[in-house]
Amino acid sequence: KAGVTQTPRYLIKTRGQQVTLSCSPISGHRSVSWYQQTPGQGLQFLFEYFSETQRNKGNFPGRFSGRQFSNSRSEMNVSTLELGDSALYLCASSLVGATGYNEQFFGPGTRLTVL
Amino acid sequence: AQKVTQAQTEISVVEKEDVTLDCVYETRDTTYYLFWYKQPPSGELVFLIRRNSFDEQNEISGRYSWNFQKSTSSFNFTITASQVVDSAVYFCALSQGSSASKIIFGSGTRLSIRP
């Protein structure tokens, strides 16, 4: 079974631009979560999508948004990029079942550099 | 509020030494999950273990062992006979509830194993 894939793996943008990152979950997984990792703030939860709806949200400004498609693929968008948005963005997918814990599997990440 | 504290920022040991990574957590939930992840230089988070709040049994997996103590809100990780390949950043994490779509990560401990 293929793992979580993220594209692109590396991205360079300039301040003020916007960027879209993509995440394809493991086949059959319906939940996709996004995390931002920076040296200063560590790993922080951005948001989670399930069945095309945002189910959980972290403490990030409205410049960070996301969506999920009917095939569970997810995209996150950052508008008006700032230098501080330079980070590794990780996506995780999980199989949402009726009971029990639904483990998250992480992708390799997209490293975004804002100049 | 939920919080995970990894007080050890960096640890360096010589190969074959045993090393323990500390993790202390805070939560008001009665149902929660604790995790350890490994992040090698490639960046991808590798899942190591999950424990739920009702299972305080210690676990051993090869050279790895985990000690979960609710009384002290700790979930420590020990590597026995460390190897150079164990060099990575290790994250302790906590999720709330049973569906656990939002994971709170500690700041990580960078472990370096010297030959």
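The sequence lines fix the lettering, A, B, ..., with proteins before strands; numbering per chain opens at 1.
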Participant: For the CZ atom on R110(B), are there more than 12 heavy atoms of other groups (residues, nucleotides or ligands in this structure) within a distance under 6.0 Å?
Facilitator: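 At most 12 heavy atoms, drawn from other residues, nucleotides or ligands, come within 6.0 Å of this atom.
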Participant: Rounded to the nearest 0.5 Å, what's the gap from NZ on K102(B) to CD on Q104(A)? Could you check?
Facilitator: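 It is 12.0 Å, given to the nearest 0.5 Å.
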Participant: Take atom CZ in R15(A); do more than 12 heavy atoms of anything else shown fall under 6.0 Å from it?
Facilitator: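 Not more than 12 within 6.0 Å, no.
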Participant: Roughly how far, to the nearest 0.5 Å, is OH of Y37(B) from CG of L90(A)?
Facilitator: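 Output value for this atom pair is 10.5 Å.
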Participant: Please determine whether residues I26(A) and V32(A) belong to a single hydrophobic cluster, defined as Ile, Leu, Val, Met, Phe, Trp and Tyr linked transitively by side-chain heavy-atom distances below 4.5 Å.
Facilitator: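 No, separate clusters.
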Participant: For residues F45(A) and I103(B), report the shortest heavy-atom separation together with the two atoms involved.
Facilitator: CB-O, 4.2 Å
Participant: Surrounding CG of N71(A) (heavy atoms of other residues, nucleotides or ligands, distance under 6.0 Å), is the total greater than 12?
Facilitator: yes
Participant: With only heavy atoms counted, which part of Q39(B) is less than 4.5 Å from chain A, the side chain, the backbone, both or neither?
Facilitator: side chain
Participant: Is it the case that atom CD in Q41(A) sees more than 12 heavy atoms from other parts of the structure closer than 6.0 Å?
Facilitator: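 Not buried by this count: 12 neighbours or fewer within 6.0 Å.
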Participant: Do I49(B) and L111(B) share a hydrophobic cluster, counting only Ile, Leu, Val, Met, Phe, Trp and Tyr and linking them when any side-chain heavy atoms are less than 4.5 Å apart?
Facilitator: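 Yes, it is one cluster - the side chains of I49(B) and L111(B) are joined through contacts under 4.5 Å.
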Participant: Which atoms of Q37(A) come close to chain B, meaning under 4.5 Å heavy atom to heavy atom: side chain ones, backbone ones, both, or neither?
Facilitator: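 Contact with chain B is through the side chain of Q37(A) alone.
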Participant: Find out if a path of hydrophobic residues (ILVMFWY) with successive side-chain heavy-atom gaps under 4.5 Å connects F47(B) to L43(A).
Facilitator: yes
Participant: With a sphere of 6.0 Å drawn around NZ of K57(A), does it hold more than 12 non-hydrogen atoms of other residues, nucleotides or ligands?
Facilitator: yes
Participant: Count the heavy atoms belonging to other residues, nucleotides or ligands that lie under 6.0 Å from NZ of K70(B), then report whether that count exceeds 12.
Facilitator: yes
Participant: Could you name the residues of residues 107-115 of chain A that have a heavy atom within less than 4.5 Å of a heavy atom in chain B?
Facilitator: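 Within residues 107-115 of chain A, the residues under 4.5 Å from chain B are G107(A), P108(A).
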Participant: Anything in residues 79-88 of chain A with a heavy-atom distance to chain B below 4.5 Å? Please list those residues in order.
Facilitator: L88(A)
Participant: Does Y35(A) belong to the same Ile/Leu/Val/Met/Phe/Trp/Tyr cluster as Y89(A), with side-chain heavy atoms less than 4.5 Å apart forming each link?
Facilitator: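 Cluster IDs for Y35(A) and Y89(A) differ.
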Participant: Do I79(B) and L34(B) share a hydrophobic cluster, counting only Ile, Leu, Val, Met, Phe, Trp and Tyr and linking them when any side-chain heavy atoms are less than 4.5 Å apart?
Facilitator: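 As far as the 4.5 Å side-chain criterion goes, L34(B) and I79(B) are connected within one cluster.
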